Peer 1: 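One structure, pasted below without further comment.
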Amino acid sequence: MFSADYDVIVIGGGHAGCEAALAASRMGRRVLMLNHNVDNTALMPCNPSIGGPAKGHLVREISALGGEQARAADASTLMVRWLNTGKGEAVRALRAQCDPRVYAAHYIWKLETQEGLDVHQDEAVALLLSEGRVSGVSTRHGSVYTSRAVVLCSGVYGGGVAHVGDVAFPSGPMGQTPANAFFESLSSLGVRLNRMRTDTTPRLNLDTIDLSKTRAQKSEETPLAFDIWGEKRVHTSSYACYFSHTTPETHAIVARNIHRSPLFRGEIKTLGPRYCPSIEDKFMKFPDRDVHPIIFEPISRSTKEVYVQNFSTGLPYDVQVELVRSLEGCRNTKIIKPAYAIEYMVVTPDQLSPTLENKDIKGFFCAGQVNGTSGYEEAAAQGLLAGINAALSARDEPPVVLSRRCAYLGVLVDDLTTKDTNEPYRMLTSRCEHRLLLRHDNADRRLTPIARRLGLISDAKWEEATTRWARVDAFIDMCEHVRVSPDKANAALSLGGAEPLSESATYAQLLRRKNVNYKLLNGIRPEREAGGEKWLDDEEEALCAETAIRYAGYIERQEKTARRMDRFDGALIPETFDYASVRGLLAESRQKLVKFRPRSLGAALRISGVTPTDVELLSVAIKARGK
C-alpha cells in the first residue's frame, strides 16, 4: 500500500478545488490534489462564461485575495462587457465569454508548476479520522494519504445521475464517471447529505445556424480585465454572441411533450436552480408567455460548438431536436451534445462554520457545488476561502472569517451557514444589504490586506496596490479642496448638459451634480499648482474616485448601518453554549439555533425563524454566563 503525508488534501479539480489547492500551497503548505480525471481540471460543463451581476464581484474578490480565477478568465477571454451600467456603480459588473480549453489550460499549468503542490489522478473513497479530527483519505487505487486538513470540492460528481427524458444513468458532468464511495464514507460518519439538480442546454453546430436571423453582440471596445493587476486589453475580433428567442412553435412542442419530462413525470424529485430554470420549467411557470430570449454562445475559436443560453432541458433527445429546430435560424441545425438534467449529492451547509469547516469533524472543509451552490464563481470563491482556512487549520492557526460588510464572499458563506438551502444557491446583488460598500472597484481595498497577511500577495503587487490607493486618495482630497470659478467651468458644463455654476464650487461638488462625470471634468482640470498633477489618467482609478465622491453620503450611511450590525457580529456565542438553558426562547428559534449553532449574535439574528426578541434573550444569557 502506497502512503504519503501532506498538510492539506484537496479532493476534486473543479473551480473550487483549483483555488483551494493553489491557495493552500501558496501559503507554504504541502498539498495534494486528488482529481478523478486530471484531463477535466477546471472543466466548464455549463455556460462558457465568467462573471455577471454579483458573480463578477466574486471574481474580483478572488483576485483581491490572491486567487487565480480572474487571471484564468482574462487569459481565455473571447468577449467581455460591462453589465448593469445604467443601474449604478454598486451593481456594475464584468462578464466575459471564455474559451473553456484555454481557461482549463491556464489552471492546469498553474497547478502543475506550483511549488509544494502534487496533482494526482485517483478517487478518494473514504475520509479517515483520528480522535474527531481528519487524519487523511484512502483511495480507489489502495493508497492512503495522511493530512491534518481535507477540502472536499466534488462538484456534481458525487452520486451523479443524468436524465435525458425517461433514460437515467450514473454520470458526472458531460458524461464523466461519477464518484459515490466517498459520500458513503461521509454518511457512515454522520455527515448529513442531500440531493440537488441542475440542467444543461444542447450544444449546437455553429455552421448549421442561420445567424442572419439573430442579433450579434461583440466585445466592448475599451481595455478591460478581471484581474486587479492584469493587463487590460481590447478584445476586438470576429467573435460574437447571437441573440434570438423561442417561438410559439417551441412552446407548442413543450406542451405536447411535457408528460415526457422526467421532472414532471416524477422521476426527478430534487429542486433545481430557481434563477436558471429549464425551458419546460418556464413553460409551466409562465404559461402566458410564448416567447423567451435565448443566446447562441460559441464556446471557442477552435471548435464549432455553440452553447444555448436560457435553453436548458431534461426532455428526451427526439424532443430536443424538435425544440432546437423551432428556434429562429435553426430549421436545419444539428446537435453536437444533447442536453440533460443531473442530480448529485450535497453536504447540507448548515453543518459548516463560517470558515467552511465541518462543525463536528475538525479539519474537514467543503467548498463549491457540494455545499449546494451553483456557478463557477461561487465555487471558486468558496474554494479559495476553504483552502486558506485548511492551510491555517493544518498549523493550528486562527481562521479567516469574512463578514457580510467585508465581501460578497462573506454574504455567500453567511447565507449558506445560517439559512436552509434546499435548492442550488446563486449569488445575487439583491442578497447583499451593503452592496454600495462592496463594489467592483474597491475589492482590493477591502481584501488585499488580508491576502498580504496570509502571504498570497507578492511585494510587487502590494506596492502597486498601495501606490494606486495613494493616487486615488490624493485625487479625492484635491477635489474636496480645490475650487473652480463659473467662468472656467460653465462652458464645459453646458456642453455636458449640466446646470451652470452661479458661484465657485469644489471639484467634488461638481461631481455630485447631475450630468457631471470625471470625463467632463477633464475639460476644466486645475492647474498643476492647484493640484492638477494629482489628476488620474487610469480610467478605473478615476471611476473609483468618482464613485467615492459622488456617493459619499450614501456610503457613509451604509457604513453606519454596517457598524451597528458589527456589534452583533462581534458578540460571539460559545461553541458549547446550551440553548436549552435560555428561558423564553420560542421553540422554533431554539431548534434553529441548535441546528445552525451560529458563531455570533449577528449570525443568529439572520437565521430565518429566530426573532429579535430571541436574540435579546440570548444576549442576556451569554452575558450572564460570561460573568
Side-chain angles (χ1 to χ4, degrees), residues 43-53 55-56 59 69-87 92-106 200-227 230-247 250 276 279 291-312 323-337 339 375-377 440 539:
L43 184 69
M44 282 182 151
C46 200
N47 192 339
S49 71
I50 293 293
K55 292 172 176 283
V59 180
Q69 188 176 56
R71 290 190 285 273
D74 289 341
S76 58
T77 292
L78 298 168
M79 181 185 94
V80 61
R81 297 188 67 85
W82 281 113
L83 302 185
N84 285 349
T85 54
K87 296 183 179 180
R92 198 174 82 127
L94 281 180
R95 183 179 186 271
Q97 292 297 126
C98 297
D99 186 318
R101 297 179 182 181
V102 179
Y103 179 89
H106 177 95
T200 68
T201 77
R203 313 299 176 93
L204 312 181
N205 187 312
L206 181 62
D207 287 346
T208 63
I209 302 174
D210 181 0
L211 297 177
S212 67
K213 302 290 182 67
T214 67
R215 178 174 59 86
Q217 183 185 69
K218 292 192 174 185
S219 189
E220 300 250 4
E221 295 186 0
T222 55
L224 295 171
F226 274 110
D227 184 30
E231 179 187 355
K232 299 179 180 67
R233 293 182 293 149
V234 177
H235 298 272
T236 54
S237 69
S238 59
Y239 181 89
C241 290
Y242 301 92
F243 286 73
S244 185
H245 54 81
T246 62
T247 65
T250 312
C276 189
I279 192 65
V291 173
H292 292 281
I294 62 167
I295 310 171
F296 298 122
E297 300 176 344
I299 71 167
S300 172
R301 291 191 182 95
S302 61
T303 179
K304 293 296 183 181
E305 187 176 324
V306 175
Y307 180 91
V308 190
Q309 177 74 283
N310 300 331
F311 204 65
S312 60
L323 288 172
V324 166
R325 293 180 177 175
S326 71
L327 303 176
E328 283 288 332
C330 293
R331 188 58 58 189
N332 299 305
T333 294
K334 294 181 179 179
I335 295 176
I336 295 176
K337 296 175 183 175
Y376 311 136
E377 303 85 355
H440 171 97
E539 185 174 333

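Along the sequence shown, residues carry numbers from 1. These numbers come from a predicted model, not from an experiment. Both backbone and side-chain heavy atoms feed into the values below; hydrogens, waters and symmetry mates do not.
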Peer 1: Over all heavy atoms of both residues, which pair between Glu377 and Ile50 is shortest? Give the atoms and the distance, please.
Peer 2: OE2-CA, 3.4 Å
Peer 1: Hey, are the side chains of Gln97 and Ser49 touching, using non-hydrogen atoms and a 4.5 Å cut-off?
Peer 2: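 Sidechains of Ser49 and Gln97: in contact.
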Peer 1: Under 4.0 Å between a side-chain nitrogen and a carboxylate oxygen: does that hold for Glu297 and Arg95?
Peer 2: yes
Peer 1: Given Leu327 and Thr246, is the side chain to side chain contact (heavy atoms under 4.5 Å, CB included) satisfied, shown in steps?
Peer 2: CA-CA 5 Å; Leu327 303 176; Thr246 62; 4.0 Å; yes
Peer 1: If only side-chain N and O atoms count, and only distance matters, is there a donor-acceptor pair under 3.5 Å linking Ser300 with Asp99?
Peer 2: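 Looking only at side-chain atoms, Ser300 and Asp99 do form a donor-acceptor pair, the distance falling under 3.5 Å.
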Peer 1: With Ser212, which residues qualify under side chain to side chain donor-acceptor pair (under 3.5 Å), at least two apart?
Peer 2: Asp210
Peer 1: List in chain and number order the residues that pass side-chain contact (heavy atoms from CB on, under 4.5 Å) with Asp207, two or more places apart in sequence or in another chain; answer none if no residue qualifies.
Peer 2: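 Listed in chain order: Asn205, Lys304.
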Peer 1: Just jot down the salt bridge (Lys or Arg N to Asp or Glu O under 4.0 Å) partners of Arg81, sequence neighbours excluded, or say none.
Peer 2: none
Peer 1: Please list, chain by chain and in numerical order, all residues satisfying salt bridge (Lys or Arg N to Asp or Glu O under 4.0 Å) with Lys334, sequence neighbours excluded.
Peer 2: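 With sequence neighbours excluded, Lys334 shows a salt bridge (Lys or Arg N to Asp or Glu O under 4.0 Å) to no residue whatsoever.
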Peer 1: In chain order, what residues pass the salt bridge (Lys or Arg N to Asp or Glu O under 4.0 Å) check against Lys218, with sequence neighbours excluded?
Peer 2: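 Expected list: none.
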Peer 1: How long is the span from the OG1 atom in Thr214 to the CD1 atom in Ile209, to the nearest 0.5 Å?
Peer 2: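 Spacing of OG1 (Thr214) from CD1 (Ile209) equals 8.5 Å.
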Peer 1: Please enumerate all residues that pass side chain to side chain donor-acceptor pair (under 3.5 Å) together with Ser237, with sequence neighbours excluded.
Peer 2: Arg301
Peer 1: Can you see which heavy atom on Pro298 is nearest to which on Tyr242, and at what distance?
Peer 2: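 Smallest interatomic distance, heavy atoms only, reads CG-CE1, 4.2 Å.
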